[in-house]
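Structure record follows, encoded as structure tokens.
No experiment lies behind these values; they were computed from the predicted model shown. Side chains included, hydrogens not; waters and symmetry mates left out as well; all remaining heavy atoms used.
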Amino acid sequence: MNKKLITSLSIIALVAIAVIGGTIAYFNDTETSSGNILVAGTMDLKVDHLWQTYNDVACNTCDLTLISNTTNMVIAKNDVLFDPAYPAVFVTYIHPRWTAQNDPTLSAAGAKWIWEDDPTKTEDLTNNAVYTFRKTFEWYGPVITSDLWFAVGSDNSVEVWLNNTKIGENTGEYGYQQENMLHIPAASITGLINQGENKLEFKVKNWALAGSTPTSNPAGLIYKFYLSGDCQGSWFKSHCRLWGMKDLVQGDTFFNFDDVKPGDRGINVISLHAYDNDAYACLITGDVVDAENVRINPEVVAGDTTEEEGELSDYIKFFVWEDDNDGVYEGEPIIAGPNSSFEAAIGEISLTESNTKYIGLAWCAGEQSLDGNVIECDGSGMSNITQTDSLTASITVYAEQQRNNAEFDCDNVHLAD
């Protein structure tokens, strides 16, 4: 996992940068926060990012809108699962009696009619056919029920399930009409939302009609599902991002801050999962680039004499430990710091196959220290010399199998430029 930290006007914005794969002598796998690199063999490393704070504010999902589109998967017909599932398609023929799409909540969100095929398959016109559509989503934090809206139109009847619990159904024939749409109250939904992955499913039944055609008996699903979290205009909550266990792709960044001041601080919990082999893992830092950008008067007064290189990396410090998944340092084994810089391998971690290792990572804009188990951050020594500077850096998690590898050392791992 590779990440970049960018700061302007004493700000930090961390974004991902790519590490181009190199060949190491042993079977290995590298995960980067801007992508995923599988180098060779059967080592598989996956990464979670389930906890983050910024100045003691916890990251959570602000809001989420799900609509009927081609990201919904068709998973079953008449309760017989498809292997593999396949994406839904947009319905091109809109029957004149279909009016659900005119509902303002659906049209404003961009919801469109979908089905498993376009046009409806011939064999499904004269036989009752029930197709199941699934949309998975992740949610972190509270749900504010007063801002919840859920509406669904269907041709014909529909059942709606959330995390294996039925939350609503429309048993009538005319679910495709705006006045007969299914509206599901917030109270039926909020208590079922999982922290992490969730599964929303629609079982839509197209009723048989003797002698029908794809235009006289079409089938379709249209819906909008909206959740709102407790963000209250927080910039951080609107920009932070959490995710469950996965291979990392472009955009999976651990940090994204645009206005960090001296003394600002944060904590991330990153979890690592090794598959197929027990592994050693290294947190490797690199690609540090300090940029001066525009040198303004406070920087000059503070003694900034160069326009070629910034100084921000001198003031961003880290403390890393083996966490127990609560984001609080409680005397667990220390991997690096406190007050560690970007400039070296952070440390070596032992991973057991299919078990989870949690890594706590605390950053500080200033001087970092431990007072017992309390992580302190003092920004008083962070000079104006850093104003307008930007900093980019990467943190890569590298994994290598333990078997036949007794001499492994993170210091010997060299990722290609």
Got a sec, which pairs hit disulfide (SG to SG under 2.5 Å) with one end in [range], sequence neighbours left out?
{"range": "residues 140-205", "value": "none"}
{"range": "residues 177-245", "value": "C59-C240, C62-C231"}
{"range": "residues 124-224", "value": "none"}

Under the side-chain hydrogen bond (donor to acceptor under 3.5 Å, both in side chains) rule, what pairs show up with a residue in residues 209-218, not counting sequence neighbours?
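Non-adjacent pairs meeting side-chain hydrogen bond (donor to acceptor under 3.5 Å, both in side chains): T213-T215, T213-S216.
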Residues in side chain to side chain contact (heavy atoms under 4.5 Å, CB included) contact with T71, at least two apart in sequence or another chain
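Partners of T71 by the side chain to side chain contact (heavy atoms under 4.5 Å, CB included) criterion, ordered by chain and then number, come out as N69, K135.
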Who are the side-chain hydrogen bond (donor to acceptor under 3.5 Å, both in side chains) partners of [X], not counting sequence neighbours?
{"X": "W321", "result": "D323"}
{"X": "D378", "result": "S380"}
{"X": "D230", "result": "Q232"}

Under the ring-ring contact (aromatic ring centres under 6.0 Å, His included) test, residues paired with Y131 that sit two or more places apart
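Y131 satisfies ring-ring contact (aromatic ring centres under 6.0 Å, His included) with W115 only.
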Residue set satisfying salt bridge (charged side-chain N to carboxylate O under 4.0 Å, His left out) with E367, at least two apart, ordered chain then number -> none
Would you mind listing every salt bridge (Lys or Arg N to Asp or Glu O under 4.0 Å) that reaches into residues 231-241, with sequence neighbours excluded?
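Listed once each, the pairs are R241-D252.
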According to salt bridge (Lys or Arg N to Asp or Glu O under 4.0 Å), does anything in residues 191-205 pair up with another residue at least two apart or in another chain? List the pairs.
D79-K203, R134-E201
